[in-house]
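Report on one structure; see the data block that follows.
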Amino acid sequence: MKLVNKSRLHILAFVLFILSSMHVKAQELYVSSEPASIMPARSFLIQQGYSKMTGKEHLDNINTKIEFSFSKKWMAHLGTNYNSWEWYTQYRFYSKDALYEHLRMAFFLKSINSAETAIYTNAILLDGQESVFHSGIIVTKLKHKWAGSLSVGPIIKRESLAENGAVGMQYSFSNGILLYPKMYRSYGQTNVNLYLEFIGQRLFSGKANYLDVAPAIQFIFNSQAKVNLSYRFPLVNNTNRTTYNVAAISLDYLFFNAFPKLK
Amino acid sequence: MRYLIIPIFFFLSASATAQVQSVELVASGLTCSMCSKAIFKSLSRLDFVSEVKVDIEKSSYILTFKSRDRVSIEEIREAVYDAGFAIETMQMTANFPNTKAVNEELVSLNGYQFKWKLAGVKNIANPQKVSIVNKEIQPTAGVYYLNF
């Protein structure tokens, strides 16, 4: 295993240690993954993002997403990313709530349909550089100070060279906390959330695998609009990906009760 | 004239009692203000709700109504669940027709048939704050149980 960015890992460990000793509230509005929770029923979200992908190559990526929920258990989004479009749907099949805590589980399906084919890459790219099917299970636990979410599921590269392998497992582990405010007084207060997410991949055929980390900071305005800033980089990288560092910014706005309730 | 006014007064005061004045609920499953706002928006759009007062920190919501004649517990519950959360506790402040609450006794309020669930007999001090004790605020065999 090739470990990279050791000093950055130390900084992350230090930040985690400081945060774990603070009085905080958990947050699960993750930047680089989806929690098992579904957006409020009949709401609508629009997101505009920009990311700069670097490594051996440079790519600029503009992405747009519209997300909507049909009910409290079922949501979907349509999006464009780099040279692709995607659809995504998620169904929450388990929910157990208590005061300031919950456990939720959901199933998702995703299809990335790209005009490009990254057949020479031995990793499966989910950033629009190739066409991919992805599904999986998400388990999210929120408890007072900590909100953690695990996702795991198969990914299939739709066009590849035989030696690179086409089927793998994608997984993520996300954590989030509220940094500010210490006390909620109104919906007008700007919220600052910090996230630390790990995103990994292991191919069943072929030897490629990676584990990336994506710290992020999120500002929420008026409890309705978000600005997300994240930087993703590999901790372990046994792939020939040409872009592996991703600096991303996105803005999104949630419209509550956007659709009427059908009786 | 005096004989006419007194019965009218009694009629009006009788119809003004036995009604829910406000509902206070604590939602569960959330710690974020955006989540709280989702519940707030969902409750605010109910056609019989006039005002929702919120304490984000405590996840509590106090609902007052346009008309005390129409209050739907099912729709309040549904609004919180639609926002993606659950109800930890629900309390109602109401004027009760009787002065005593007796275990298992039926009470009519806003078209609902409630039943008391308490040890023995308790005095009611109108307006009385009571809790709905059914799990997840779902009626048991069509009945909501009330407790102090």
Side-chain angles (χ1 to χ4, degrees), chain A residues 24-29 35-43 45 69 71-73 75 92 95-104 140 142-147 176-178 181-191 193 218 220-226 252 254-258 260-261, chain B residues 23-63 70 72-91 131-138:
Chain A
V24 290
K25 287 188 182 74
Q27 298 284 291
E28 58 163 47
L29 303 162
S37 303
I38 300 292
M39 64 198 299
R42 299 175 302 281
S43 58
L45 179 134
S69 53
S71 74
K72 62 188 171 191
K73 290 183 176 175
M75 69 178 194
R92 188 190 79 191
S95 184
K96 188 161 174 56
D97 291 9
L99 200 57
Y100 310 123
E101 63 179 90
H102 66 229
L103 176 66
R104 285 161 185 191
T140 304
L142 169 86
K143 187 159 187 169
H144 301 262
K145 290 173 78 167
W146 179 70
I177 55 160
L178 174 79
K182 288 277 161 270
M183 290 276 282
Y184 289 129
R185 289 181 216 287
S186 79
Y187 293 129
Q189 283 174 304
T190 299
N191 289 195
N193 296 327
Q218 178 181 63
I220 303 181
F221 303 102
N222 205 29
S223 303
Q224 205 154 358
K226 296 200 231 76
D252 61 58
L254 178 64
F255 297 86
F256 296 102
N257 304 319
K261 186 167 185 168
Chain B
V23 164
E24 183 173 349
L25 64 90
V26 174
S28 63
L30 66 149
T31 57
C32 80
S33 71
M34 208 164 183
C35 313
S36 174
K37 193 170 183 176
I39 298 172
F40 173 79
K41 287 276 188 180
S42 196
L43 289 170
S44 299
R45 80 190 291 267
L46 293 173
D47 61 6
F48 56 92
V49 169
S50 66
E51 196 189 6
V52 182
K53 279 187 189 155
V54 59
D55 183 329
I56 310 170
E57 196 67 32
K58 290 180 180 159
S59 286
S60 87
Y61 303 79
I62 300 172
L63 284 69
R70 183 168 136 62
S72 168
I73 297 167
E74 295 86 355
E75 285 179 52
I76 294 170
R77 180 190 184 276
E78 195 65 17
V80 176
Y81 279 75
D82 271 359
F85 303 96
I87 296 176
E88 184 74 10
T89 59
M90 190 191 271
Q91 292 181 305
S131 297
I132 296 179
V133 293
N134 301 63
K135 197 176 173 226
E136 296 187 347
I137 318 297
Q138 282 193 302

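Residue numbers begin at 1 in each chain, while the letters A, B, ... track the order of the sequences. Hydrogens, waters and symmetry mates are skipped; everything else that's a heavy atom, side chains included, is used.
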Engaged part of [X] at the chain B interface, taking heavy atoms whose separation is under 4.5 Å:
| X | value |
| --- | --- |
| A:L29 | side chain |
| A:I220 | side chain |
| A:N222 | both |
| A:R185 | backbone |
| A:K143 | neither |

Margin query: Using only atom types and a distance under 3.5 Å, with no angle test, would you say the side chain of B:D82 pairs donor to acceptor with the backbone of A:K72?
Written below: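 Between the backbone of A:K72 and the side chain of B:D82 there is no qualifying donor-acceptor contact (under 3.5 Å).
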Note to self: Please check this pair: side chain of B:S33 against backbone of A:Y187, looking for a donor-acceptor N/O pair closer than 3.5 Å.
What the structure shows: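 Checking the backbone N and O of A:Y187 against the side chain of B:S33, no donor-acceptor pair under 3.5 Å is found.
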Notebook entry, point to check: How about B:T31 and A:Q27: do any of their side-chain heavy atoms sit closer than 4.5 Å?
Noted result: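 Yes. Closest side-chain heavy atoms under 4.5 Å.
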Check: Would you say the side chain of B:S59 lies within less than 4.5 Å of the side chain of A:Y100, judging by non-hydrogen atoms?
Finding: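 Sidechains of B:S59 and A:Y100: in contact.
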Check: Who wins among A:A41, A:A98, A:S186 for the most heavy-atom pairs under 4.5 Å with chain B?
Finding: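 Of the candidates given, the most pairs with chain B belong to A:A98.
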Notebook entry, point to check: In terms of heavy-atom pairs under 4.5 Å, which option from A:K73, A:K96, A:Q189, A:E101 contacts chain B the most?
Noted result: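 So the answer, after comparing A:K73, A:K96, A:Q189, A:E101, is A:E101.
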Next item on the list: Can you tell which part of B:E88 gets under 4.5 Å to a heavy atom of chain A, answering side chain, backbone, both or neither?
Entry: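 Side chain of B:E88 only, per the 4.5 Å heavy-atom cut-off to chain A.
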Note to self: Is B:T89 close to chain A through its backbone or its side chain, or both, or neither, when contacts mean heavy atoms under 4.5 Å?
What the structure shows: neither
Notebook entry, point to check: Salt bridge between B:E57 and A:K25, side-chain N to carboxylate O under 4.0 Å?
Noted result: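 Result for this pair is yes, salt bridge flagged.
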Notebook entry, point to check: After noting the C-alpha distance and the side-chain angles of B:M34 and A:L254, does the key distance pass the side chain to side chain contact (heavy atoms under 4.5 Å, CB included) rule?
Noted result: CA-CA 9 Å; B:M34 208 164 183; A:L254 178 64; 4.0 Å; yes
Notebook entry, point to check: How many angstroms lie between atom OH of B:Y81 and atom OG of A:S95, to the nearest 0.5 angstrom?
Noted result: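 Reported to 0.5 Å precision, the distance equals 8.5 Å.
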Notebook entry, point to check: Rounded to the nearest 0.5 Å, how far apart are CG of A:N257 and OG of B:S44?
Noted result: 8.5 Å
Notebook entry, point to check: Top residue by heavy-atom pair count (under 4.5 Å) with chain A, among B:V54, B:V26, B:I87?
Noted result: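 Greatest number of close heavy-atom pairs with chain A: B:V54.
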Next item on the list: Dump the intermediate steps for side chain to side chain contact (heavy atoms under 4.5 Å, CB included) on A:H102 and B:L30, then the final yes or no.
Entry: CA-CA 7 Å; A:H102 66 229; B:L30 66 149; 6.0 Å; no
